[in-house]
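Shown next, in structure tokens, is the structure this report addresses.
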Amino acid sequence: MKRILLLILIVCGILTGCEGNKVTISEINMEKVNDNVTNYINIIDNDEKSTGTGVYMYNDSKNQRYLYLNQDFLNDGRDFGDIDIKLDENSINIYLNDISISGGEVDTYKLYKINLKGDYEYLKVFKNGEETHFDGIGA
């Protein structure tokens with residue numbers, strides 16, 4: 001019995017240790033974020049000079065970030081598409097896409113919560129396969 005329990009503990013330890021660096025991303029509603037994130041987004045949305053890439057990052061904590069995309073991200077006749085995250089040795093690469101639409105309503109924004117495990121030196125963002133930049137990063 002003790003050997004089985006020991007074996008289970010060893011397997012659990014190995015699985016936990018092998019998880020390593022991991023990043024998860026999920027779309028989130030504006031109502032579910034804290035006041036700091038909401039205030040940051042309100043500042044962005046009230047900035048009349050904003051005509052850049054439409055890609056913003058808010059660093060909420062060491063392991064939690066929020067990615068905000070507004071209408072500046074989109075070209076005419078386009079809507080928000082899919083998102084993907086890939087990890088290199090020392091960087092997080094965020095791949096964003098927009099999609100063509102034929103009429104209908106277009107989302108006004110997208111907000112994503114990113115949970116990080118591990119340390120990364122670089123955070124890169126790509127739009128439709130081409131590297132771009134963040135318009136702003138807040139904390």
Locate the shortest heavy-atom distance separating Leu116 from Arg65; write the atom from each residue and the value. CD1-CZ, 3.8 Å
With side chain to side chain contact (heavy atoms under 4.5 Å, CB included) as the test, pick out the partner of Leu67 among Leu111, Ile83, Ile28. Ile83
Under a plain distance cut-off of 3.5 Å, with no hydrogens placed, do Tyr40 and Asp45 share a side-chain donor-acceptor pair? no
Nearest 0.5 Å, what's the CG-CG distance between Asn115 and Asn63? 8.0 Å
CG of Asp107 to CG of Asn70: how many Å apart, nearest 0.5 Å? 12.5 Å
How long is the straight-line distance from CG of Asn46 back to CD1 of Ile41, given to the nearest 0.5 Å? 12.0 Å
Does Lys127 make a cation-pi contact with Phe73 (under 6.0 Å, within 45 degrees of the axis)? yes
Can you tell which of Tyr56, Phe80, Tyr109 makes a side chain to side chain contact (heavy atoms under 4.5 Å, CB included) with Leu69? Phe80
How would you list, by chain and number, every residue that makes a side-chain contact (heavy atoms from CB on, under 4.5 Å) with Asp88, sequence neighbours excluded? Ser91, Asn93
Between Asn34 and Asp60, a side-chain donor and acceptor under 3.5 Å: yes
Please confirm whether the backbone N or O of Ile99 pairs with a side-chain atom of Asp79, one donor and one acceptor, at under 3.5 Å? no
Exam field: side chain Asn128 to backbone Asp98, donor-acceptor pair closer than 3.5 Å: yes
Are the charged groups of Glu131 and Lys124 less than 4.0 angstrom apart, N to O? no
